[in-house]
Number of protein chains: 2
Amino acid sequence: MRGRFFSGTYMNQVDAKHRLSVPATFRETIETRSGSRTVVLAPAEHAPCLVGYDIGHFEAVHAEIAARFAGDFGPGRGNLARTLFASAETLGYDDNGRIILPPILLELGELSGPALFLGAGDYFELWAPGLLLASDDVDPRLKRVVRALMQARGL
Amino acid sequence: MRGRFFSGTYMNQVDAKHRLSVPATFRETIETRSGSRTVVLAPAEHAPCLVGYDIGHFEAVHAEIAARFAGDFGPGRGNLARTLFASAETLGYDDNGRIILPPILLELGELSGPALFLGAGDYFELWAPGLLLASDDVDPRLKRVVRALMQARGL
DNA sequence: AGGGATACCATGGGCTTTCATGGAATTTCA
DNA sequence: TGAAATTCCATGAAAGCCCATGGTATCCCT
């Protein structure tokens, strides 16, 4: 199932050492898109979850900012660059496909125990299941899928 | 492995001897970009913090700012440029990755105790946590990240 | 098509290396 | 010769690395 896009729903565990397996299909998408074994994780803007990209997408954004603000070192550029890069973490995964979640991301995503990966095309989302089920903005059908996943694991 | 730009948020301590560890991932980025174990630190133009570059990027920034002031022969000319350049320091870090902050930078950045490194793409910023939380120009989400970091350290 | 073998994946544990930080030792210069 | 600055070593904690395991899906062969 190799593809250019992130799709599907997966649930993996955050262990005591804050390790988390990136689903194999997502890893393959990441490597297809960027050629590197690296994920960029950042807090989402409008939802209590994290967003994941391949590093190529991030570099594209970086290039765009650099071009748009060429010659401009005013506050606008500073803010954008700061917000975009400071809140993002660049994480490489190991031979088993696991990343280590830094404390900030654990905190912002409220991740402990099970973590949900939701494919979303050019990126994916990473949710604490409880927050997803409690969110008003999530499609009920998706919630059903999640509930089924949790039940299959005795949660 | 960690890319060629600065990203992420880190908090290290300024000790009694004014020593400060540059985060390992930033050191790696610096060496990737410039091939030297050297940081340039200067006061930021639009924010109460310091900015850090690898030497290569500093030269680019230097050229752009100098060009901006090129046609200005009024009385105000040079004050800003003087501040930016005169107080810029080229600091090499030691085997443990530590730089020693000169008094002028300590004062300009109001740094004592914890210091925040914010990745911003081609450069990074160095903040006193209190000043960042008090600044109106900083994105609220970024403040959340910083608060989470401080809480994790019992501040 | 069935059933056995195989490859892959998520997860756990232990071991090693690296990192941030503190302190001591040594040098430098007034 | 004393104070300040710089270099070196020590340490606890965290991050990363390697191998092991159990379970599931996949392949293959007759």
Side-chain angles (χ1 to χ4, degrees), chain A residues 1-2 6 8-31 36-39 41 52 89-107 111-117 119 124 126 129 148-150 152-155, chain B residues 1-3 6-32 37-39 52 89-106 111-117 119 124 126 129 148-150 152-155:
Chain A
M1 264 301 159
R2 63 178 50 192
F6 299 100
T9 301
Y10 305 88
M11 187 164 72
N12 290 342
Q13 289 289 116
V14 178
D15 71 15
K17 293 159 90 175
H18 303 155
R19 295 181 296 187
L20 176 61
S21 288
V22 177
T25 59
F26 284 14
R27 299 201 305 262
E28 188 151 350
T29 298
I30 286 166
E31 285 157 38
S36 81
R37 302 163 57 87
T38 301
V39 196
L41 277 185
E89 296 278 349
T90 303
L91 306 171
Y93 47 82
D94 61 23
D95 290 341
N96 292 337
R98 280 189 289 200
I99 55 177
I100 297 178
L101 294 172
I104 322 163
L105 293 180
L106 284 170
E107 167 89 17
L111 292 168
S112 65
L116 275 169
F117 289 86
F124 63 87
L126 188 56
L149 261 179
M150 294 179 71
R153 301 220 178 182
L155 295 172
Chain B
M1 186 256 285
R2 268 26 182 213
F6 300 98
S7 73
T9 301
Y10 305 88
M11 188 164 72
N12 290 342
Q13 290 289 119
V14 178
D15 71 14
K17 296 163 143 184
H18 303 156
R19 295 179 297 186
L20 176 61
S21 287
V22 177
T25 59
F26 283 15
R27 301 201 302 263
E28 195 170 328
T29 299
I30 286 167
E31 285 156 40
T32 299
R37 302 164 57 86
T38 302
V39 196
E89 299 271 358
T90 301
L91 306 171
Y93 46 83
D94 62 22
D95 291 340
N96 294 336
R98 281 191 287 202
I99 55 177
I100 296 176
L101 294 172
I104 180 72
L105 292 180
L106 282 171
L111 291 169
S112 65
L116 276 169
F117 289 85
F124 63 86
L126 189 55
L149 247 186
M150 294 180 71
R153 298 222 178 178
L155 294 173

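All heavy atoms count here, side chains included; hydrogens, waters and symmetry mates do not. Residue numbers start from 1 in every chain, and the chains themselves are labelled A, B, ... in the order their sequence lines are given, proteins ahead of strands.
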**Student:** What is the separation between atom CD on B:Glu89 and atom C1' on D:dA5, rounded to the nearest whole Å?
**Tutor:**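 So the two atoms are 15 Å apart, to the nearest Å.
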**Student:** Mind calculating the distance between CG (A:Leu106) and P (D:dA14) to the nearest angstrom?
**Tutor:** 13 Å
**Student:** In this structure, how many angstroms lie between the C1' atom of D:dA15 and the CG atom of A:Asp94, rounded?
**Tutor:**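 That distance rounds to 11 Å.
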**Student:** Within the 4.0 Å limit for protein heavy atoms, which parts of nucleotides 11-21 of chain C are touched? Write it as a string from 5' to 3', B for base, S for sugar-phosphate only, - for none.
**Tutor:** BBBB----SSB
**Student:** Is a donor on one side and an acceptor on the other found under 3.5 Å between the side chain of A:Arg37 and the backbone of A:Glu31?
**Tutor:**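 A pair under 3.5 Å: no.
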**Student:** Would you mind reading off the distance between A:Asp95 atom CG and D:dA20 atom P, rounded to a whole angstrom?
**Tutor:**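 One finds 14 Å between P of D:dA20 and CG of A:Asp95, rounded.
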**Student:** Do B:Asp15 and B:Arg98 have side-chain heavy atoms sitting under 4.5 Å apart?
**Tutor:**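 Counting from C-beta outward, B:Asp15 and B:Arg98 do come under 4.5 Å.
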**Student:** A side-chain contact here means heavy atoms from C-beta on lying under 4.5 Å apart; do A:Thr29 and A:Phe124 qualify?
**Tutor:** no
**Student:** Should the pair A:Phe26 and A:Tyr10 be assigned to parallel (<30°), tilted (30 to 60°) or perpendicular (>60°) ring geometry?
**Tutor:** perpendicular
**Student:** Starting at CD1 of B:Ile99 and ending at P of D:dA5, how long is that distance when rounded to a whole Å?
**Tutor:**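 In whole Å, D:dA5 P and B:Ile99 CD1 are 16 Å from each other.
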**Student:** Whole angstrom is fine here: how far is it from CG in A:Leu105 over to C1' in D:dA14?
**Tutor:** 16 Å
**Student:** How long is the span from the CG atom in A:Leu106 to the CG atom in A:Leu101, to the nearest 0.5 Å?
**Tutor:** 5.0 Å
**Student:** Can you name the closest pair of heavy atoms from A:Leu116 and A:Pro129 and give their distance?
**Tutor:** CD1-CA, 3.8 Å
